[in-house]
Amino acid sequence: MKKYSHDSTRKRNTSPLKEVFEELLEAYRIKDKFSEKTVIQEWNQLMGKTVASRTQSLSVRQKILYVKISSGPLKKEIMMNKTKVLTLIAEKYGKGVINDLVIL
């Protein structure tokens, strides 16, 4: 008995894993949630070591990113550069993933 037959029902066409994964996220309508979780997970890389070390918590609700910062001066600086942070998130993760930023 042969291990693999010539009449295999296996598909011969292949696609890159990234494309298949994105299609899967769209099919199950969880692409937005996945992008939100990715923003939270990659906050350290996005904002840098200084901001990351002073960030106490992150959460997303209704496309609003809530960030709790332990440093008063840093909190004020992020508030003044809010549009720049939102632009940075939109460029990396897509427009509409995060619509607003609230600094706590």
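Computation of the quantities below employed the complete heavy-atom set of this structure, encompassing side-chain atoms and omitting hydrogens, waters and symmetry-equivalent molecules.
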Exercise for the section: For side chain to side chain contact (heavy atoms under 4.5 Å, CB included), just list the numbers for Val51 and Ile78, CA-CA rounded to whole Å, side-chain angles, deciding distance to a tenth of an Å, and then say yes or no. Expected result: CA-CA 9 Å; Val51 176; Ile78 293 174; 3.9 Å; yes

Interatomic distance, [X] atom [atom1] to [Y] atom [atom2] [nearest 0.5 angstrom]:
X     : Y      : atom1 : atom2 : value
Leu58 : Met47  : CG    : CE    : 10.0 Å
Ile40 : Thr55  : CD1   : OG1   : 11.5 Å
Glu77 : Thr50  : CD    : OG1   : 9.5 Å
Tyr66 : Leu101 : OH    : CG    : 10.5 Å
Gln41 : Leu46  : CD    : CG    : 12.5 Å
Lys92 : Ile98  : NZ    : CD1   : 13.5 Å

Requested in this report: Report yes if the distance between the aromatic ring centroids of Phe34 and Tyr28 is under 6.0 Å, otherwise no.
Outcome: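 No.
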
Any idea which heavy atoms bring Ile69 and Lys75 closest together, and the distance?
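That would be O-CE, 3.6 Å.
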
Does atom [atom1] of [X] have more than 12 heavy-atom neighbours from other groups under 6.0 Å away?
X      : atom1 : value
Leu104 : CG    : yes
Glu22  : CD    : yes
Glu42  : CD    : yes
Lys33  : NZ    : no

query = If only atom types and distance count, is the side chain of Ser70 paired as donor or acceptor with the main-chain N or O of Arg54 below 3.5 Å?
reply =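 Present.
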
| field | N/O donor-acceptor pair under 3.5 Å between Lys63 side chain and Asp100 backbone | value |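 Side chain of Lys63 to backbone of Asp100, a donor-acceptor pair under 3.5 Å: no, none is there.
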
Inset, instruction - Could you verify whether a donor N or O on one side chain and an acceptor N or O on the other, from Glu36 and Tyr93, lie under 3.5 Å apart? - result: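 Note: Glu36 and Tyr93 side chains miss the donor-acceptor criterion.
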
Check against side chain to side chain contact (heavy atoms under 4.5 Å, CB included), Ile89 and Leu65 | CA-CA 11 Å; Ile89 291 171; Leu65 178 63; 4.0 Å; yes

Consider only side-chain heavy atoms of I, L, V, M, F, W and Y, link residues closer than 4.5 Å, and tell whether Val102 and Met79 are in one cluster.
->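 Looking at the clustering, Met79 is in a separate group from Val102.
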
### Message
Is there a path of hydrophobic side-chain contacts, each under 4.5 Å between heavy atoms, that joins Leu25 and Val20?
### Response
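Hydrophobic grouping puts Leu25 apart from Val20.
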
